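Shown next, in C-alpha cells, is the structure this report addresses.
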Amino acid sequence: MQQTTDTIAAIATGLARGGVGIVRISGANLTKLMDALLGQILVPRVATYLSFRDEESEVLDSGLAIYFPSPHSYTGEDVLELHGHGGIVVINLLLQRCIQLGARIAQPGEFTKRAFLNNKIDLIQAESIADLIDASSKQAVRSANRSLQGYFSTAIQQVLASLIELRITVEAAIDFPEEDLPSSMLEKHRQSCQSIGTEIESIFKQSMQGAILRNGAQVVLVGQPNVGKSSLLNALTQDEVALVSEIPGTTRDINRQEICLEGVPFHLFDTAGLRYSDDVVERMGIEKTKQFIAIADVALIILEAQANLNELDQQFLSYLPAGVTKIFVLNKIDLTGEPPRLENKGADYLVYLSAKTGAGIDLLRTCLLKVMGWQSEANVFIARERHIQSLKGAKLCLERALNQAGQWELMAEELRLAQELISQITGEYSADDLLGDIFSHFCIGK
Ligand code: GDP
C-alpha cells in the first residue's frame, strides 16, 4: 500500500455538540502549522493552554494543545491535538484553519492506517480499535481490548514461529537423499505438524467466540399480535444492560430491535410489523423482507401455548434459508399450567415459558446462546470473518501437510501456504484492497 505522509486533520470527537471538541492533525512535520496556529512550538507531550488563531491573528477558540513528535505518537508521525470547545461551528472553523495551513481532511480510518503502516500496531490491533469504538456491550469492549493489547497477535506470532521452524527443517530435507535422513525425522515432523494444527485449532475456537461476540445473530421474529413478543423481549433483557450503539444504519424502527445476552448482540427483525403497519409496508417491500430473512441465523417463532401459525407466518418461514435453527416459543404457560421446559424437535427447539411470570425465560436465553455456539466470554479476543477464514484455511493446509509427511516438496508447499494465510491475519502479507476495505469502515478522525 502506498504510504502517504501529507498532513491530515479531522475532528476526532465527531460532529456533535459537547463540552470539548478535539481536532487531531498528523503529518511528517507540524512545526510550521503549529507556529502559525499557536504562535509557538509546543513542549512535547505537555498540555498547554493557549489560543488558536486565524490568519489575522484573531482568536478562533482557546483550549489545550498537545504535541506528540514523531515517532512517539499514535500514527508514528508528528501529531498535534487541539482541545477546543465542542460547538459544531467553532470546531469546524478550527478544522478549516488547519486546512488553510496545508492539511487536508483525513479519510475514515486514515490515522489508524498510518499507525499500521508505520508499524505502531499490527492489523489485528488496528481492527480491534474500530471494534472497541463500535462495541455494543461490556463483554465486546473487554474482548476488543484483549485484541488491542496484543493477546490475539501474540498467539498468531507463536504459531508463525513454530511454522517457520518446521518449514526450515522440511525445506532442508528436500535437498537430502532419502537414505541420508535419520529415520526419526519423519516422526518428528509429523508430531510438529500435529501440534501446530492443535495450536491453530485452539486459536480458531477462541476466534469463533470473538466473531460471535462481534457480529451477534440475526433473528427473525414470527408471531401474531398479542402473543407476547414485546413482553418476551422485555423479560429477556431484564438483567442485561442493553447498550445499543447509535451507529448510522443501526437505528431502530418498529421492525428492528437489538438485545444483548451475555454481551452477544441479537438483531431482531419482527415480521409482524410488516403486516400490521402501513407505513413500514410502504418503506420496505416484501422483497426487502425476503432479503432480510435470507440472512437469518435463527427464527424465533412465538405462539400462545396450543395456538397454531397462520398462513402468512408459514409463508415467512418458507423464506428462511435451509438449515436455520427454529426456536418455537410457547408463551403464556401460566394460563395453561404447564411447567417451563426446553425440548428438542429434530434440529429445532421448543421452549415453554411465560413472559409474564418469567418462568422459562432462562431456558430461552440459554437456547439462543447455544444455537449460536456461544460458550463464554473468558479469554475471548474479538475476531472477524477474515480471521476465521484464514485460520480455517491454515488448518486445512496443516492437515494436508500431515498426510503428505515424507513427500517433502508437497509438505513444504502446504506449510508455506499455511504461513501465508496466518501472516495475513496480522497484516504482514495483506493486499492493498484488503487494507483499503478494512480502514474505510473506520470513523473519520480515527
Ligand atoms: P405482542 O403484541 O406480541 O408484542 O404482545 P404483548 O407483549 O404486547 O402482550 C400482549 C398481551 O399478552 C398483554 O396483555 C400481555 O400482558 C399479555 N401477556 C404476554 N405474555 C404473557 C404471559 O406469559 N402470560 C399471560 N398471562 N399474559 C401474557
Side-chain angles (χ1 to χ4, degrees), residues 216-244 250-262 264-284 286 288-290 292-293 296-320 324-345 348-371:
Q218 303 290 340
V219 183
V220 169
L221 232 81
V222 178
Q224 305 293 304
N226 284 325
V227 289
K229 290 186 297 299
S230 318
S231 314
L232 188 67
L233 294 183
N234 286 340
L236 271 174
T237 50
Q238 213 157 49
D239 301 326
E240 299 277 336
V241 189
L243 298 168
V244 180
T250 64
T251 46
R252 289 175 287 171
D253 53 34
I254 62 162
N255 274 313
R256 297 166 86 147
Q257 280 211 47
E258 183 165 300
I259 61 168
C260 253
L261 302 177
E262 289 188 17
V264 178
F266 286 82
H267 314 281
L268 304 162
F269 180 79
D270 186 357
T271 60
L274 281 162
R275 284 166 278 169
Y276 303 105
S277 159
D278 289 345
D279 255 17
V280 179
V281 171
E282 269 171 29
R283 279 190 282 132
M284 304 172 71
I286 190 86
K288 190 139 190 213
T289 312
K290 278 190 194 170
F292 201 93
I293 291 178
D297 300 302
V298 185
L300 200 58
I301 302 139
I302 303 156
L303 298 161
E304 286 185 24
Q306 293 159 354
N308 284 316
L309 290 173
N310 74 8
E311 212 175 294
L312 209 50
D313 290 325
Q314 298 281 10
Q315 196 187 333
F316 276 109
L317 289 180
S318 73
Y319 300 146
L320 286 169
V324 166
T325 308
K326 298 188 192 81
I327 302 176
F328 292 88
V329 173
L330 293 125
N331 189 26
K332 307 196 184 181
I333 55 167
D334 53 306
L335 299 178
T336 60
E338 286 181 84
R341 62 192 186 278
L342 172 64
E343 288 176 1
N344 274 95
K345 191 182 160 205
D348 299 329
Y349 294 87
L350 286 177
V351 188
Y352 290 79
L353 54 78
S354 166
K356 190 172 183 178
T357 66
I361 291 291
D362 275 354
L363 296 175
L364 179 57
R365 261 197 207 116
T366 311
C367 189
L368 277 165
L369 290 166
K370 184 179 162 184
V371 299

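In this text the structure is predicted, and so the values were computed from the model without any measurement. Order of listing sets the numbers, starting from 1, for every ligand and every atom in it.
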| said: Using side chain to side chain contact (heavy atoms under 4.5 Å, CB included), reason through L300 and V219 one step at a time and then give a plain yes or no. | reply: CA-CA 7 Å; L300 200 58; V219 183; 3.9 Å; yes

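- Looking at Q218 and H267, their side chains never bring a donor and an acceptor atom within 3.5 Å of each other.
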| query | Do V220 and V324 pass the side chain to side chain contact (heavy atoms under 4.5 Å, CB included) test, and can you show the C-alpha distance, the side-chain angles, and the key distance before you say yes or no? | reply | CA-CA 10 Å; V220 169; V324 166; over 6 Å; no

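- Of all protein heavy atoms, the one lying nearest to atom 24 (N) of ligand 1 is D334 OD1, 2.8 Å.
- Of all atoms in ligand 1, numbered sequentially from 1 with element shown, those under 4.0 Å from a heavy atom of N226 are 1 (P), 2 (O), 3 (O), 5 (O), 10 (C), 12 (O).
- If you number the atoms of ligand 1 from 1 as listed, the ones under 4.0 Å from a heavy atom of K229 come out as 1 (P), 3 (O), 4 (O), 5 (O), 7 (O).
- When only non-hydrogen protein atoms are considered, atom 28 (C) of ligand 1 lies nearest to K332 CE, 3.6 Å.
- Near L335, with a cut-off below 4.0 Å to any heavy atom, the atoms of ligand 1 are 26 (N).
- By the definition of a contact as any protein heavy atom under 4.0 Å away, atom 16 (O) of ligand 1 is not in contact.
- Near V227, meaning under 4.0 Å from any of its heavy atoms, are these atoms of ligand 1: 3 (O).
- With salt bridges taken as basic N to acidic carboxylate O contacts below 4.0 Å, none links K345 and E343.
- Within the 4.0 angstrom cut-off, atom 22 (C) of ligand 1 has one or more protein heavy-atom neighbours.
- Ligand 1 has no nitrogen or oxygen under 3.5 angstrom from a nitrogen or oxygen of L232.
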